[in-house]
Engineer: 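Below is the structure I would like to discuss, written out as structure tokens.
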Amino acid sequence: VQLQASGGGLVQTGGSLRLSCAASGSISSIPTMSWYRQAPGKERELVASITNDGTTTYADSVKGRFTISRDNANNSVYLQMNNLKPEDTAVYYCAAKIYGGSYYSIDAYGYWGQGTQVTVSS
């Protein structure tokens, strides 16, 4: 499965963006899909995850502002980001968790998208 992330861009503080992740194959058999982000000089961190039954997990820093969703029929995952802050600036990656382990473990993810840049200006 190849993942293609899109939707990033430059936005002012308080603005919104919607990221999309399109998969080349079916994601219905992939239990968990996630969005990660990596800011310059920092480690890649989990932003949000969603399971096939719709259970979601969010980083504390984005709770109440970001919403993850998935559309198995269209092999896509989305991240709606509202009330963006400068500290949200990062490259955002979608990822498919196909191995065991925690949502927070990068090693649990077998497929990664190429990343899309999100820049929030103050």
Side-chain angles (χ1 to χ4, degrees):
V1 174
Q2 292 184 327
L3 303 176
Q4 180 79 29
S6 62
L10 173 64
V11 65
Q12 291 186 332
T13 295
S16 297
L17 285 173
R18 187 184 191 226
L19 304 184
S20 298
C21 175
S24 62
S26 175
I27 64 170
S28 60
S29 63
I30 299 176
T32 301
M33 296 294 296
S34 299
W35 286 94
Y36 271 75
R37 68 185 179 188
Q38 187 166 21
K42 294 188 176 182
E43 293 186 353
R44 194 169 294 191
E45 63 173 357
L46 178 70
V47 177
S49 291
I50 185 167
T51 64
N52 253 327
D53 66 2
T55 300
T56 56
T57 300
Y58 295 95
D60 287 342
S61 59
V62 308
K63 282 180 182 176
R65 300 188 298 122
F66 290 12
T67 302
I68 188 172
S69 60
R70 66 190 288 171
D71 181 350
N72 285 352
N74 290 303
N75 299 317
S76 295
V77 183
Y78 307 98
L79 186 68
Q80 178 67 44
M81 306 186 295
N82 298 328
N83 191 22
L84 283 160
K85 304 176 180 180
E87 52 264 41
D88 295 319
T89 295
V91 177
Y92 284 71
Y93 300 88
C94 59
K97 183 178 181 295
I98 62 171
Y99 303 121
S102 168
Y103 298 151
Y104 298 92
S105 173
I106 291 176
D107 293 338
Y109 293 83
Y111 301 109
W112 292 86
Q114 85 290 0
T116 184
Q117 176 72 47
V118 171
T119 303
V120 185
S121 63
S122 57

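Note that the structure is a prediction, hence the values are computed from the model and not measured.
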Engineer: Quick check: closest heavy atoms across L19 and G8, and the distance to 0.1 Å?
Structural biologist: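 Closest pair (atom of L19, atom of G8, distance): CD2-N, 3.6 Å.
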
Engineer: Classify the ring geometry of Y92 against F66: parallel below 30°, tilted from 30° to 60°, perpendicular beyond 60°.
Structural biologist: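 Y92 vs F66 ring planes: tilted.
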
Engineer: Hey, could you give me the CD/CD1 distance between Q80 and I68, rounded to the nearest 0.5 Å?
Structural biologist: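 Q80 CD to I68 CD1: 12.5 Å, rounded to 0.5 Å.
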
Engineer: In Å, rounded to the nearest 0.5 Å, how long is the span from CD1 of I30 to CD1 of I50?
Structural biologist: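 Rounded to the nearest 0.5 Å, the CD1-CD1 separation comes to 13.0 Å.
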
Engineer: Just so I know, are the side chains of R37 and V62 near enough to count as touching, which here means a heavy-atom distance under 4.5 Å?
Structural biologist: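 Side chain of R37 against side chain of V62, heavy atoms only: contact under 4.5 Å found.
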
Engineer: Give a yes or no on whether the backbone of A90 and the side-chain of Q38 come within a donor-acceptor separation of less than 3.5 Å.
Structural biologist: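 Not a single qualifying donor-acceptor pair exists.
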
Engineer: If you define the side chain from C-beta out and look only at heavy atoms, does anything of M81 sit under 4.5 Å from W35?
Structural biologist: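 Not touching, per the 4.5 Å side-chain cut-off.
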
Engineer: I'd like to know if D88 and K85 make a salt bridge, using a cut-off of under 4.0 Å between side-chain N and carboxylate O.
Structural biologist: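 Judged by the 4.0 Å cut-off on N to carboxylate O distance, D88 and K85 do not form a salt bridge.
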
Engineer: Nearest 0.5 Å, what's the SG-CG distance between C21 and D71?
Structural biologist: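 Answer rounded to 0.5 Å: 12.0 Å.
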
Engineer: Taking the side chain as every heavy atom from C-beta outward, state whether I106 and E43 have any pair of such atoms under 4.5 Å apart.
Structural biologist: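 No, too far: nothing below the 4.5 Å cut-off.
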
Engineer: Report yes if the side chains of I98 and V1 come closer than 4.5 Å at any heavy-atom pair, otherwise no.
Structural biologist: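 No; the side chains remain at least 4.5 Å from each other.
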
Engineer: Taking Y109 for the side chain and Y103 for the main chain, is one N or O donor matched with an acceptor at less than 3.5 Å?
Structural biologist: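 A pair under 3.5 Å: yes.
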
Engineer: Under a 4.5 Å cut-off applied to non-hydrogen side-chain atoms, are K97 and P31 in contact?
Structural biologist: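 A side-chain contact under 4.5 Å is absent here.
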
Engineer: Tell me whether V11 is reachable from V47 by hopping between hydrophobic residues (I, L, V, M, F, W, Y) whose side-chain heavy atoms are closer than 4.5 Å.
Structural biologist: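 Yes, V47 and V11 fall within the same hydrophobic cluster.
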
Engineer: Is M33 reachable from Y111 through a run of hydrophobic residues whose side-chain heavy atoms are each under 4.5 Å from the next?
Structural biologist: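 Yes, because Y111 and M33 connect within a single hydrophobic cluster, where side-chain heavy atoms sit under 4.5 Å apart.
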
Engineer: Does a side-chain heavy-atom distance below 4.5 Å link T13 with P86?
Structural biologist: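 Yes - at least one pair of side-chain heavy atoms lies under 4.5 Å apart.
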
Engineer: Mind checking whether L79 and Y93 sit in one hydrophobic cluster, side chains of I, L, V, M, F, W, Y counted as touching below 4.5 Å?
Structural biologist: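 L79 and Y93: separate clusters.
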
Engineer: I need the single residue from N52, N75, T32 that forms a side-chain hydrogen bond (donor to acceptor under 3.5 Å, both in side chains) with R70. Which is it?
Structural biologist: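 The passing option is N52.
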
Engineer: Can you confirm whether the side chains of T55 and D53 place a donor and an acceptor under 3.5 Å from each other?
Structural biologist: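 Judged by distance alone, the side chains do pair up.
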
Engineer: Looking only at heavy atoms, which two atoms of A22 and S76 are closest? And how far apart?
Structural biologist: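 Nearest pair, atom of A22 first, then S76: CA-OG, 4.2 Å.
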
Engineer: What are the two closest non-hydrogen atoms of V91 and Q117, and how far apart are they?
Structural biologist: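 Closest approach of V91 to Q117, heavy atoms only: CG2-OE1, 3.2 Å.
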
Engineer: Out of curiosity, does L46 fall in the hydrophobic cluster containing I27 (side-chain heavy atoms, cut-off under 4.5 Å, transitive links)?
Structural biologist: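 Different clusters: I27 never reaches L46 through Ile, Leu, Val, Met, Phe, Trp or Tyr contacts under 4.5 Å.
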
Engineer: Do the non-hydrogen side-chain atoms of L3 and C94 ever get within less than 4.5 Å of each other?
Structural biologist: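 Result yes, sub-4.5 Å side-chain heavy-atom pair found.
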
Engineer: Can you name the closest pair of heavy atoms from N82 and S16 and give their distance?
Structural biologist: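 So the minimum-distance heavy-atom pair works out to OD1-OG, 3.0 Å.
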
